[in-house]
Asks: 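The structure's right below; bear with me while I get my questions together.
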Amino acid sequence: MKMSKAYIPTLKETPAEAEVVSHQLMLRAGMIRKLSSGIYTYLPLGQKVIQKVEAIVREEMNKKGALEVLLPALQPAELWQESERWDYYGPELMRLQDRHERDLCLGPTHEEVITDLIKDELRSYKELPLNLYQIQTKFRDEIRPRFGVLRSREFIMKDGYSFNVNQESLDKTYQQMYAAYEEVFTRCGLDFKAVVADTGAIGGTDSHEFMVLADSGEDTVVFCEECDYAANLELAKSEVDFQPEVQKEAELKKVETPGVDTIEKLADFLDRPAKQLIKSLVFETDSGYLLALVRGDYQLNEVKLKNFLGVVQLEMADEEELITETGIIPGFAGPIDIPAEVQVIADPSVMEMLSGVTGANEADYHYLNVKPGRDFEVDQVVDIREVKAGEECIQCSAELSLTKGIEVGQIFKLGTKYSQALGATYLDENGKEQVMEMGCYGIGITRTVAAAIEQNYDDYGIKWPVAIAPYQVSILALGDGEVLTAAIELYNQLQAAGLDVLLDDRQERAGVKFNDADLIGSPVRVTIGSRSLAAGQAELKVRSTGQELEADLDKAKDRIIKLLADLK
RNA sequence: CGGAGCGUGGCGCAGUCUGGUAGCGCACCUGGUUUGGGACCAGGGGGUCGAAGGUUCAAAUCCUUUCGCUCCGACCA
């Protein structure tokens, strides 16, 4: 592509609205423009990168025998009511009505549609397993779109769905997809980790997320320094010795603690470390109130609690209702002498305490010397705390670390959740009707593009990994006449060799061209000016490493091809 | 939804407190000089000041309502 003919509107200044690097650079490099909150237009350069990522995904999916389909984005409410997600999915689901006032939604994911298709078409075990995928725009009415394309309301996603005869077959497909995902993200040049993940609103049993490691990530990944254990913080477990150091049992004692309604204030007020306090949090569930206890120095992990309770929604109790209905006062809540109907769930970290501190369920009072079992009973002891860095790995006892990640893909074993609800069954060898086992496999295409930038940039712009660079080579013609002729000659040679090449043939000063080239971030930059031309040479520079070298014009093509090959 | 902030030419902003001819930088167009890391000179085009209503002789500026956008939080791929 010649720059003089291209539409790549680069920006010198960073738009004020862009907070994260990928958002800033995608705007500046002329890849995207915002239409509305969380809704973006992809300009030619952005579209080209998307197509590169899609091509890699297609290849790897096809290699595993998955088949591409195109599914409706607009879907009838009935389908979602059948799977009960019309209610469960919540306000995130983009809903609308047609002129007949029929309820519809814009698909955030396609389990319902695909299962509906399959249940009518597939009847025999002989036709299974089947693995279908789609790459298309999906919609989520995000509460707060942010970070540009990383969390938008409209985004491109690859979603795959497998239908298997049994668990064993599903396991096999799942493994294949896991392998395909590793291949996809490796080929995209990303530094990533596959981690054990929560299944959330999609549901199912096993799940892994593929996380691109970047500081701007919204997820926290827990991983072992020694073995292969890696999990999303939402699910991560650790080994911890909760034996209290020098603590003695003593008689329960109520003390006045005016205005001390947080763990921090309490630790300050009593001059005790948080680990000697018990944090009590009150939630509202379908079956009433629930008191969750963790040691003061831990954070409650709501996902763990939700999963234990088997609920999708979990709300902190409304203060006023809580006080009138149970007498529990937020800030001074505790497990001692609370109404029997309030369920008490404690983290193991609490149970070993000999002399803790809890709220007294009375404004401005706490209990000292609290001992679980003696002073209060708990209904369940469950791991509901958030893992902290430095704790022991549950697999090998080595130290755990935490890092930030951007989720670019997730795979699930759905089991029979949707096939059951929507009636996707088949006849087995014995002519008996069986429910299909399903799996689903997603990759955020547009998010992957942004994640790649989050991992590959410097002060001057993007440093594209070769495989997904919109153009592998940028040629800067610093002049016209012979210089331009030589540049076009090399441009033609490289294109003939199958490369995507961007030729800067604009009537611009050198500085402008250099800066745009750095911003757009082609892996290899070639400069041809009167100086180098006089010597019969072109100057090559590798964007990622800064490596510079000169090549004779007649050998430049081969040098460039070799450079690119080495970069992979 | 709670908290904070912002809407002035394509982009970045000043002007708003204290009402009085709508400005600056970048970008864009024309001509000239320049030409290896975002040139210079001269000339030029482009703005319902987010929208509606009100106060006033007079509103970007004051008042009311409303819409949009961004950030923090809850939530989530």
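Every chain is numbered from 1 and lettered A, B, ... according to where its sequence line falls, protein lines coming before strand lines. Fair warning: this is a prediction, and the values are worked out from it, not measured in the lab.
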Asks: Quickly work out the A/R509 CZ to B/U33 C1' distance and round it to whole Å.
Replies: 11 Å

Asks: Report the C-alpha separation of A/T14 and A/Q24 in whole Å, then their side-chain angles, then the decisive distance to 0.1 Å, and conclude whether the side chain to side chain donor-acceptor pair (under 3.5 Å) test is met.
Replies: CA-CA 6 Å; A/T14 302; A/Q24 293 175 349; 4.9 Å; no

Asks: Sticking with atom P, work out how far B/G54 lies from B/A27, rounded to a whole angstrom.
Replies: 43 Å

Asks: So what's B/G47 paired with, Watson-Crick or G-U wobble, going by both distances under 3.5 Å?
Replies: none

Asks: So among A/T220, A/D219, A/D215, which one has a side-chain hydrogen bond (donor to acceptor under 3.5 Å, both in side chains) with A/K404?
Replies: A/T220

Asks: Across nucleotides 3-14 of chain B, 5' to 3', mark each nucleotide with B, S or - according to how protein heavy atoms within less than 4.0 Å reach it.
Replies: --------BSS-

Asks: Which parts of residues 33-40 of chain A get close to RNA chain B, meaning a heavy atom less than 4.0 angstrom away?
Replies: A/K34, A/S36, A/S37

Asks: What residues in residues 515-527 of chain A put a non-hydrogen atom under 4.0 Å from any atom of RNA chain B?
Replies: A/N515, A/D516, A/D518, A/R525, A/T527

Asks: Quantified in whole Å, what is the C1' atom distance between nucleotide B/G2 and nucleotide B/C63?
Replies: 26 Å

Asks: Taking atom C1' in both B/C62 and B/C57, what distance in whole Å separates the two?
Replies: 16 Å

Asks: Give the nucleotide from the list B/C71, B/G36, B/C26 with an atom nearest to the side chain of A/K12.
Replies: B/C26

Asks: Given that both distances must come in under 3.5 Å, which nucleotide forms a Watson-Crick or G-U wobble pair with B/A42?
Replies: B/U30

